[in-house]
Amino acid sequence: MSSKMVYLQPIAVRIWHWLNALGIVTLCISGAQIRFPEYVTILGSYRSAIMLHNTAGIVVALSFSIWFFYYKIVANTLDDIYIPKGSDLTTGLFRQVVFYFFSYFFGAPNPHHATPENKFNPLQKSAYLAIMFVLMPFVSLTGILLMNMGPMREIVMLVGGLTLLDTIHFLTACSLCAFIFTHVYLATLGSTPMAYIKPMWTGWEKVENHHDAENSLVDRSQAEHSH
Ligand code: HEM
């Protein structure tokens, strides 16, 4: 089967992704120090951990707007790429879970073939939908309110008070932290460990030419029928 290079990750998506990854990892480490200062002291003083946490939070919120602006306004593909279709939920999710938990270990190929219009497999679509449409907005909005407790006091009271806000911020942050581990593991399951990670840097991914395989099957069956 031949392969070809496909331009899968536009520059805006790559800039957003790596700024975001650096920002989220920094937020997890500094957040752990702010929450558990008696156990985590990796970033020096408590004050420096807070300053770094606030700065990384602003970087992540700004890079989130790059992501949204690119997909929604420039490319206008946000819904098509991120929202799972009916068949993704009925059969696609199951097929992909079976692949990751079972057939992958027997050398089976990934059942999803990425194209620029349909980049994500059904599991990625569902996970990224939850991350980008629920967790990221919640963690960012609660973070912005917590950072501006003085001027935004009335809004904080209106949405349930400091304890509720702090709890939502902490729980969404823990979920994002858990996502990173699964995400990085799954990102290494290409034909080589870097096969999916390199395209997130260069934009280009090497994909198998499945049309060749399908066409050769059609040719073969036509040849068999004509005999
Ligand atoms: C820390 C190291 C990280 C690595 C090595 C990594 C790796 C990758 C790779 C290889 C892809 C492209 C393949 C795929 O779609 O799965 C990707 C896409 C993606 N990653 Fe990450 N990632 C990291 C951190 C993060 C973080 C912290 C988030 C969000 C909180 C994130 C969210 C996403 C999303 C939403 C996509 C899809 C982007 C698109 O094409 O629209 N990643 N990541």
Side-chain angles (χ1 to χ4, degrees), residues 5-32 53 56-84 88 92-93 96-97 99-100 104 110-143 169-208:
M5 297 303 281
V6 178
Y7 188 61
L8 220 50
Q9 304 293 3
I11 181 89
V13 173
R14 285 178 278 147
I15 292 176
W16 156 75
H17 182 268
W18 292 117
L19 265 181
N20 182 64
L22 184 69
I24 298 272
V25 171
T26 310
L27 283 167
C28 288
I29 298 170
S30 52
H53 196 73
I58 295 169
V59 170
V60 165
L62 288 179
S63 65
F64 185 85
S65 25
I66 300 181
W67 170 84
F68 187 78
F69 183 77
Y70 172 76
Y71 273 120
K72 192 72 197 169
I73 313 289
V74 179
N76 194 18
T77 51
L78 189 64
D79 304 358
D80 287 345
I81 288 189
Y82 273 81
I83 298 180
D88 287 330
L93 262 181
Q96 203 63 37
V97 169
F99 168 70
Y100 282 132
Y104 169 78
N110 193 324
H112 177 77
H113 311 301
T115 62
E117 301 75 33
N118 190 21
K119 272 199 283 190
F120 305 146
N121 68 49
L123 200 66
Q124 282 172 315
K125 270 190 206 167
S126 317
Y128 293 158
L129 185 75
I131 298 295
M132 300 307 287
F133 289 72
V134 182
L135 293 184
M136 291 293 284
F138 264 95
V139 85
S140 308
L141 290 176
T142 50
H169 190 70
F170 180 65
L171 291 180
T172 44
C174 288
S175 315
L176 274 176
C177 201
F179 160 77
I180 299 181
F181 288 98
T182 327
H183 180 58
V184 173
Y185 165 66
L186 291 178
T188 61
L189 298 190
S191 52
T192 65
M194 292 304 282
Y196 294 147
I197 296 177
K198 232 170 101 192
M200 208 47 184
W201 189 256
T202 62
W204 292 87
E205 184 167 323
K206 193 173 169 190
V207 294
E208 301 299 346

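Reckoned from all heavy atoms, side chains included, excluding hydrogens, waters and symmetry mates. Keep in mind the model is a prediction, meaning the values are calculated, not measured. Whatever order the structure lists ligands and atoms in, that order sets their numbers, starting from 1. Residue numbers count from 1 along this sequence.
Only the side chain of L176 comes within contact range of ligand 1, with a heavy atom under 4.0 Å; no backbone atom does. Counting heavy atoms under 4.0 Å from ligand 1, residue V13 touches it through the side chain alone.
Near F120, meaning under 4.0 Å from any of its heavy atoms, are these atoms of ligand 1: 15 (O), 37 (C), 38 (C), 39 (C), 40 (O), 41 (O). Close approach of ligand 1 to I197 is summarised as follows: ligand atoms under 4.0 Å from at least one heavy atom of the residue are 10 (C).
Among H183, M194, R14, the residue whose heavy atom lies nearest to atom 21 (Fe) of ligand 1 is H183. Considering Y70, Y185, Y71, F181 only, the shortest heavy-atom separation from atom 39 (C) of ligand 1 involves Y71. Compare W16, Y196, W18, F64 by their heavy atoms: the one nearest to atom 5 (C) of ligand 1 is in W18.
Side-chain atoms of H112 do not come within 3.5 Å of backbone N or O of L123 as any donor-acceptor pair. No donor-acceptor pair closer than 3.5 Å links the side chain of W16 to the backbone N or O of F68. Although no hydrogens or angles enter the test, the distance criterion places no donor-acceptor pair under 3.5 Å between the side chain of T77 and the main chain of D80.
Remark: minimum distance from atom 15 (O) of ligand 1 to any protein heavy atom is reached at Y128 OH, 3.2 Å. The protein heavy atom nearest to atom 12 (C) of ligand 1 is M200 SD, 3.9 Å. From the protein, the heavy atom lying nearest to atom 40 (O) of ligand 1 is K119 NZ, 2.7 Å. Nearest protein neighbour of atom 3 (C) of ligand 1, counting heavy atoms only, is V184 CG2, 3.8 Å. Nearest to atom 13 (C) of ligand 1 among the protein's heavy atoms is Q124 NE2, 4.3 Å. In terms of protein heavy-atom proximity, atom 26 (C) of ligand 1 is closest to N20 ND2, 3.9 Å. For atom 38 (C) of ligand 1, the closest non-hydrogen atom of the protein is Y82 OH, 3.5 Å.
A 6.0 Å sphere centred on CZ of F138 holds no more than 12 heavy atoms belonging to other residues, nucleotides or ligands.
In this structure, D88 CG and N118 CG are separated by 7.0 Å, a value rounded to the nearest 0.5 Å. With rounding to the nearest 0.5 angstrom, the NE2 atom of H183 is 8.5 Å from the CD atom of Q124.
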ring-ring contact (aromatic ring centres under 6.0 Å, His included) between Y82 and W67, worked out: CA-CA 12 Å; Y82 273 81; W67 170 84; 5.3 Å; yes
Test log, rule side-chain hydrogen bond (donor to acceptor under 3.5 Å, both in side chains), inputs K119 and Q9: CA-CA 9 Å; K119 272 199 283 190; Q9 304 293 3; 2.9 Å; yes
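Tested against S175 for a side-chain contact (heavy atoms from CB on, under 4.5 Å), the candidates V134, L135, I131 yield a single pass: L135.
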